[in-house]
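Single-structure report; data block below.
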Amino acid sequence: MSQPTVVTAGADMFADSVAGQAVDVERVDWRPPMPGTETDLATVATDPRRPEANRRAVEAMLGVTAHLVDVAPASEVLGLEKGQFLHAGPPIEWDRTSGPLRGALMGGAALEGLVDDPEDAVALFESGTGVSLEPCHHRSAVGPMAGVVTPSMWMWVLEDRATGRRTYCSLNEGLGKVLRYGAYSPEVLTRLRWMGDVLGPLLQAAVRGTEEATDVTGILTQMLQMGDEAHNRNRAGTLMLLRDLSPAMVSAGFDAKDVADVLRFIGGNDHFFLNLAMPACKLALDAGRDVPGSTMVVAMARNGTDFGIQVSGTGDEWFTGPAQVAEGLFLGDYGPDDANPDIGDSAITETAGIGGFAMATAPAIVRLVGGTVPDALATTRRMHEITLAENPRWSVPVLEFQGTPTGIDVTKVCRTGILPQINTGMAGAVAGVGQVGAGLVTPPAEIFPKALAALAARAASA
């Protein structure tokens, strides 16, 4: 007869006492589900469509390979017209916009010639005459931080060759006082105009002149094994992109000084590849959308006021709650009181299983966002508890090349109370300030029970 094993959950006092009597103890990290979710969890858990629906959603997501196929103005590839602005996060009106989003919109209005002075844009947006706001996600695009896109901005164009589906993202400006962090000073606008006049056209020539389209998904695979996590650390990815595009840039027939300026700009901007990682993740997640019965999250996005998620089985519906202020490290004399609540579409990286979910691949990231190396390893392990699968392409060397945790499951979040971990930059709360720090943040807990309730309602009527 074998020796009994005692299974314990909760406080360790009982387990320690039993173990002290030479009895085998198996400690289970059990916790009650989120309050008020028990009935909805039971309904969704017994939905006969769920296992196959989640298998299909995950399989579709993992089957996508993103290739860089073009660079072109938003007016061409997104159909944006004068006065139309895209922004990060779920839908929002001007009167609820945060400081950094307001600042970016003000700068964008000046960039497009709608006003001479960014300060004059306030009255323009308050009137609502001739201007409109729309989430990037609604046009198959993503935007970091404020995520503002205007018609003249140049966009990366990524494509899944198997389906022809495309996603888009603007070009990265760098760090500090930049439009996406809500800054709109003259030097910000000067940089944006240079990006429109020089950077965009040269990148377009390089992309179109490269014999074989850059495999962005493949670069992501390599950079995760080189110390990047593809959200706040993109150093290896940026250098690999520069390696792929620089020969075509040099031979594109542009002025030598312009080519040198572009190479210097990209080489000095470690975050440049982020704006390719984001649409690559969106391209994969969009393939997993609209599967009835699936509980997989396909988007997490923030506009600086609201944090919203979308779920495969509930279509385009947003489930929102108040965005949280990140905890982390601050630049200079800035502190928590200077930071705006979380903002940006860049959490699409975590939604796909990298970024904060892959912090174990990039232990050096803790020097930017705070915490310790053991924290980074523990975060990646913890995210496996709320996901549906592992991504065999994106592996973590220090965890014996285990695939990154992929496919956030609404039911697992509600059942465990574990929230997705995001690492993020922090924008100043006041329009025009720019970046004030970087840190770690989670979504507001209440949005997952909201999504679960919607899934339960659909399951009950199926």
Side-chain angles (χ1 to χ4, degrees), residues 26-31 54-55 57-59 61-66 215-240 270 273-274 277-278 280-281 284-285 288 296-297 300 327-328 346-409 412-413 415-424 438-443:
E26 183 169 341
R27 303 170 193 254
V28 178
D29 184 18
W30 179 88
R31 65 197 77 191
N54 281 337
R55 186 197 66 77
V58 169
E59 186 177 86
M61 174 179 61
L62 295 180
V64 170
T65 300
D215 181 351
V216 178
T217 304
I219 290 180
L220 283 165
T221 298
Q222 296 177 64
M223 62 193 282
L224 289 174
Q225 298 187 30
M226 298 170 69
D228 286 352
E229 41 69 70
H231 186 168
N232 275 284
R233 186 177 174 89
N234 286 273
R235 181 170 297 177
T238 296
L239 292 176
M240 282 188 280
D270 289 342
F273 187 81
L274 170 63
M278 289 171 56
C281 290
L285 288 158
M296 187 178 81
V297 176
M300 295 194 295
E327 296 183 5
S346 55
I348 196 71
T349 56
E350 280 82 7
T351 318
I354 50 180
F357 280 46
M359 285 179 64
T361 70
I365 197 70
V366 300
R367 299 184 67 183
L368 175 68
V369 300
T372 66
V373 171
D375 291 338
L377 298 176
T379 294
T380 296
R381 291 191 179 102
R382 188 168 66 253
M383 293 302 98
H384 282 285
E385 297 186 43
I386 59 170
T387 48
L388 293 163
E390 297 176 6
N391 190 329
R393 287 176 172 168
W394 298 343
S395 60
V396 183
V398 74
L399 297 180
E400 301 294 335
F401 292 93
Q402 181 181 23
T404 60
T406 301
I408 300 168
D409 184 356
K412 290 186 176 183
V413 173
R415 183 169 54 79
T416 64
I418 298 172
L419 296 172
Q421 182 69 73
I422 299 164
N423 58 40
T424 182
L440 301 172
V441 72
T442 58

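Quick caveat: nothing in here was measured; it's all calculated off a predicted structure. Residue numbers start at 1 and run along the sequence shown. Computed from heavy atoms alone, side chains included, the values below leave out hydrogens, waters and symmetry copies.
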Would you confirm whether [X], through its side chain, and [Y], through its main-chain N or O, come within 3.5 Å as a donor-acceptor pair?
| X | Y | answer |
| --- | --- | --- |
| D228 | R235 | yes |
| D215 | T217 | yes |
| T404 | S395 | no |
| Q421 | G356 | no |

Applying side chain to side chain donor-acceptor pair (under 3.5 Å) between E229 and each of T361, N423, T349, N234, report the one that passes.
-> N423
How many angstroms lie between atom [atom1] of [X] and atom [atom2] of [Y], to the nearest 0.5 angstrom?
| X | Y | atom1 | atom2 | result |
| --- | --- | --- | --- | --- |
| H384 | E390 | NE2 | CD | 5.0 Å |
| D409 | E385 | CG | CD | 13.0 Å |
| I408 | M383 | CD1 | CE | 8.5 Å |
| L388 | T406 | CG | OG1 | 9.5 Å |
| R233 | I365 | CZ | CD1 | 7.0 Å |
| M300 | I348 | CE | CD1 | 8.0 Å |

Looking only at heavy atoms, what is the nearest atom pair of [X] and [Y], with distance?
| X | Y | value |
| --- | --- | --- |
| P443 | P420 | CD-O, 3.2 Å |
| T351 | V297 | CG2-O, 3.6 Å |
| V58 | A389 | CG1-CB, 3.7 Å |
| L377 | A360 | CD2-CB, 3.6 Å |
| H231 | A347 | CE1-N, 4.3 Å |
| M359 | A376 | O-CB, 3.7 Å |

Is any side-chain heavy atom of [X] closer than 4.5 Å to a side-chain heavy atom of [Y]?
| X | Y | answer |
| --- | --- | --- |
| T387 | F357 | yes |
| T372 | V366 | no |
| P405 | T380 | yes |
| W394 | T221 | yes |
| S346 | N232 | no |
| V216 | F273 | yes |

So with a 6.0 Å cut-off around CZ of R367, is the heavy-atom count from everything else above 12?
->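 No - once you tally the heavy atoms of other residues, nucleotides and ligands closer than 6.0 Å, there are 12 at most.
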Flag if over 12 foreign heavy atoms under 6.0 Å of CD, E327 = no
Are T65 and R393 linked by a side-chain donor-acceptor pair shorter than 3.5 Å?
->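 Note: T65 and R393 side chains meet the donor-acceptor criterion.
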